[in-house]
Participant: 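The structure is given below, and queries will be raised subsequently.
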Amino acid sequence: MPRFTPEQVRRRQIVAGALAVILVVVLGGCTALVIGAVRGGGSDAAAERTPFEADDAAMEVATTGAGARAAENLPGGIALGADEVMGVDVSAHQDEIDWEKVASDGYAFAYIKATEGADYTDSAFSANWDGARAAGITPGAYHYFTLCSSGEEQAEDFLAAAPPDDSALPPALDLEFDGACEKRPGGVDAQAEIDAFTAKVEEAWGRRLLIYSSSEWRSHYGLPVTGPRPDWLFSAGGRPPQADWAVWQLRFDGKVSGIEGGVDIDVARIEQLRDGAAISEGEGAIAHEEEQ
């Protein structure tokens with residue numbers, strides 16, 4: 001084997017060291033690119049993300065058959081229309097529910113309380129959601145809004161409990177004064193918190209919220225939030241007078257197999273609900289301005 005002078009050896013060592021450094025830099029850069037691609041990371045990737053779009057065709061609801069026991073809860077002289085199905089709205093207040101029996105009565109959907117204010121998840125939400133699903137009843141989640149915590153915080157808690165689900169009903173927002181919160185901020189401040197909630201939830205779900213409100217809430221704040229969104233209205237004697245209602249709550253004391261005590265009974269127009277909750281391409285958050 002040939003021998004090298006000390007100077008030649010030193011030069012070879014310098015060249016080898018330089019090549020090693022270059023190799024580390026190149027490989028490190030490639031690794032970072034690969035990791036970034038896998039994670040979808042980087043500011044460019046984040047900037048190119050588009051809002052979530054719901055697959056509305058995935059939302060399917062069974063019909064309420066002719067002669068179903070559920071129809072006994074309808075006001076006298078009223079029969080279901082061709083586009084109407086019956087459902088219930090429930091919370092932990094109803095205790096344990098036998099969802100198979102509920103389904104046997106002909107109820108096809110259920111709005112289930114998920115959260116209230118901030119830091120409160122209904123203790124029966126998961127069991128009710130899973131039970132309804134297993135019985136063939138299409139579930140939807142609703143949030144009871146309060147004015148004692150920020151809309152953004154409430155939205156985060158709701159989404160943690162009820163993440164987007166294309167096959168579920170659109171999420172619903174319940175606006176009432178019956179909870180523990182006694183704050184009554186001005187209209188502008190209250191609406192700003194509601195807008196913060198709706199913006200975050202609608203972006204996540206890719207659907208507009210269904211809006212339910214009490215008469216007390218409407219008389220105090222009005223209801224600008226309902227604007228382009230589907231309405232959930234209460235009417236005891238017959239269908240709501242508003243022609244484009246999506247869900248009609250007809251009683252608070254209905255009798256349903258599998259549920260102890262009285263329960264809220266509802267009728268839904270599924271296509272009206274589907275269409276009202278759809279977010280057209282290019283539409284984003286909806287904000288409101290009101291006089292104090």
Side-chain angles (χ1 to χ4, degrees), residues 52 54-64 70 83-94 97 99 102-103 105-116 121-145 154-155 157-176 197-198 200-213 225-226 229-234 245-250 252 254 256 258-259 263-279:
F52 177 78
D55 179 9
D56 292 326
M59 187 182 80
E60 296 183 355
V61 181
T63 59
T64 299
D83 62 338
E84 298 174 349
V85 298
M86 296 196 68
V88 295
D89 58 275
V90 300
S91 68
H93 179 72
Q94 275 71 43
I97 295 174
W99 287 100
V102 176
D105 274 6
Y107 293 97
F109 72 93
Y111 266 105
I112 301 167
K113 184 176 182 179
T115 47
E116 178 174 338
T121 299
D122 190 271
S123 60
F125 175 66
S126 294
N128 281 333
W129 187 276
D130 294 342
R133 276 274 192 227
I137 295 173
T138 303
Y142 78 86
H143 172 75
Y144 191 102
F145 195 85
Q154 295 184 60
D157 286 352
F158 176 79
L159 292 172
D165 183 343
D166 276 345
S167 62
L169 300 174
L173 178 61
D174 187 351
L175 301 173
E176 300 183 61
F197 179 90
T198 59
K200 195 173 189 72
V201 173
E202 289 178 347
E203 181 182 19
W205 272 76
R207 288 178 176 156
R208 296 292 182 208
L209 286 150
L210 172 69
I211 307 297
Y212 179 88
S213 62
V225 67
T226 196
R229 300 182 173 98
D231 288 307
W232 183 356
L233 303 173
F234 174 77
W245 60 269
V247 178
W248 161 33
Q249 186 182 74
L250 53 104
F252 304 115
V256 178
I259 300 178
V263 63
D264 296 349
I265 305 294
D266 304 279
V267 172
R269 293 170 169 169
I270 298 304
E271 288 309 311
Q272 182 74 32
L273 181 58
R274 192 194 309 274
D275 293 345
I279 299 178

Participant: Keeping the roles fixed (side chain from T64, backbone from M86), state whether a donor-acceptor pair exists under 3.5 Å.
Facilitator: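 Between the backbone of M86 and the side chain of T64 there is a qualifying donor-acceptor contact (under 3.5 Å).
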Participant: Determine whether the side chains of D130 and W99 contain a donor N or O and an acceptor N or O closer than 3.5 Å.
Facilitator: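 Short answer, no.
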Participant: Look up atom CG in D275 and atom CZ in R269, then write down how far apart they are to the nearest 0.5 Å.
Facilitator: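 The distance works out to 12.0 Å.
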Participant: Mind checking the CG-CD spacing from L159 to Q154? Nearest 0.5 Å is all I need.
Facilitator: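 If I round to the nearest 0.5 Å, the distance is 12.0 Å.
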Participant: From the options L173, L233, D174, select the one residue that forms a side-chain contact (heavy atoms from CB on, under 4.5 Å) with I211.
Facilitator: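 The side-chain contact (heavy atoms from CB on, under 4.5 Å) with I211 is passed solely by L173 among L173, L233, D174.
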Participant: Mind listing the closest non-hydrogen atom pair of W129 and A141 along with its distance?
Facilitator: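 Smallest heavy-atom distance, with atoms named: CZ3-N, 3.6 Å.
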Participant: How far apart are the C-alpha atoms of Y212 and Y142, what are their side-chain angles, what is the distance that settles it, and do they pass the side chain to side chain contact (heavy atoms under 4.5 Å, CB included) test?
Facilitator: CA-CA 9 Å; Y212 179 88; Y142 78 86; over 6 Å; no
Participant: Assess the residue pair Y107 and I265 against the criterion (side chain to side chain contact (heavy atoms under 4.5 Å, CB included)); give the C-alpha distance rounded to whole Å, side-chain angles, the decisive distance to 0.1 Å, and a yes or no.
Facilitator: CA-CA 9 Å; Y107 293 97; I265 305 294; 3.6 Å; yes
Participant: List for me each residue that meets ring pair (Phe, Tyr, Trp, His ring centres under 6.0 Å) alongside Y111, sequence neighbours excluded, and say none if there are none.
Facilitator: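 For Y111 the ring pair (Phe, Tyr, Trp, His ring centres under 6.0 Å) partners, ignoring immediate neighbours, are W232.
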Participant: About how many Å separate CG of D266 and CG of D89, when rounded to the nearest 0.5 Å?
Facilitator: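 One gets 4.5 Å once the value is rounded to the nearest 0.5 Å.
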Participant: Between E116 and D122, is any pair of side-chain heavy atoms under 4.5 Å apart?
Facilitator: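 No; the side chains remain at least 4.5 Å from each other.
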Participant: How close do A162 and A114 get, counting heavy atoms only, and between which atoms?
Facilitator: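 Scanning both residues, the minimum pair turns out to be CB-CB, 4.5 Å.
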Participant: How far apart are the C-alpha atoms of Q272 and W245, what are their side-chain angles, what is the distance that settles it, and do they pass the side chain to side chain contact (heavy atoms under 4.5 Å, CB included) test?
Facilitator: CA-CA 8 Å; Q272 182 74 32; W245 60 269; over 6 Å; no
Participant: Minimum heavy-atom separation for P230 and R208, please, with both atom names.
Facilitator: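 P230 and R208 have their closest heavy atoms at CD-CB, 4.3 Å.
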Participant: What pair of heavy atoms forms the shortest contact from E60 to T138, and how long is it?
Facilitator: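 E60 and T138 have their closest heavy atoms at O-OG1, 2.6 Å.
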Participant: Distance from I137 atom CD1 to N128 atom CG, nearest 0.5 Å?
Facilitator: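 I137 CD1 to N128 CG: 10.0 Å, rounded to 0.5 Å.
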Participant: Please assess W205 against D165 for the test side chain to side chain contact (heavy atoms under 4.5 Å, CB included), listing each intermediate value before the final yes or no.
Facilitator: CA-CA 7 Å; W205 272 76; D165 183 343; 4.1 Å; yes
Participant: Using a 4.5 Å cut-off on heavy atoms from C-beta on, say whether the side chain of M59 contacts that of I270.
Facilitator: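 Yes, their side chains come closer than 4.5 Å.
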Participant: Any donor-acceptor pair under 3.5 Å linking the side chain of R207 with the backbone of D166?
Facilitator: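 Here the side-chain-to-backbone pair exists.
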Participant: Do you know the tightest heavy-atom contact between F125 and A161?
Facilitator: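 Reported closest heavy-atom pair: CE2-O, 3.3 Å.
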Participant: Measure the CD-CH2 distance between E84 and W248 for me, rounded to the nearest 0.5 Å.
Facilitator: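 Output value for this atom pair is 7.0 Å.
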Participant: Identify the two heavy atoms, one from P139 and one from R133, that lie closest to each other, and give their separation to 0.1 Å.
Facilitator: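 Heavy atoms only, the tightest pair is CD-NH1, 3.5 Å.
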Participant: Do R229 and E202 have side chains that approach each other closer than 4.5 Å (heavy atoms only, starting at C-beta)?
Facilitator: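 The answer is yes; the side chains approach within 4.5 Å.
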Participant: Check D264, I97, V256 against V88 for a side-chain contact (heavy atoms from CB on, under 4.5 Å) and give me the one that passes.
Facilitator: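 Of D264, I97, V256, side-chain contact (heavy atoms from CB on, under 4.5 Å) with V88 is met by V256 alone.
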Participant: Supply the atom-to-atom distance L169 CG to R274 CZ, rounded to the nearest 0.5 angstrom.
Facilitator: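 Nearest 0.5 Å value for the CG-CZ distance: 9.5 Å.
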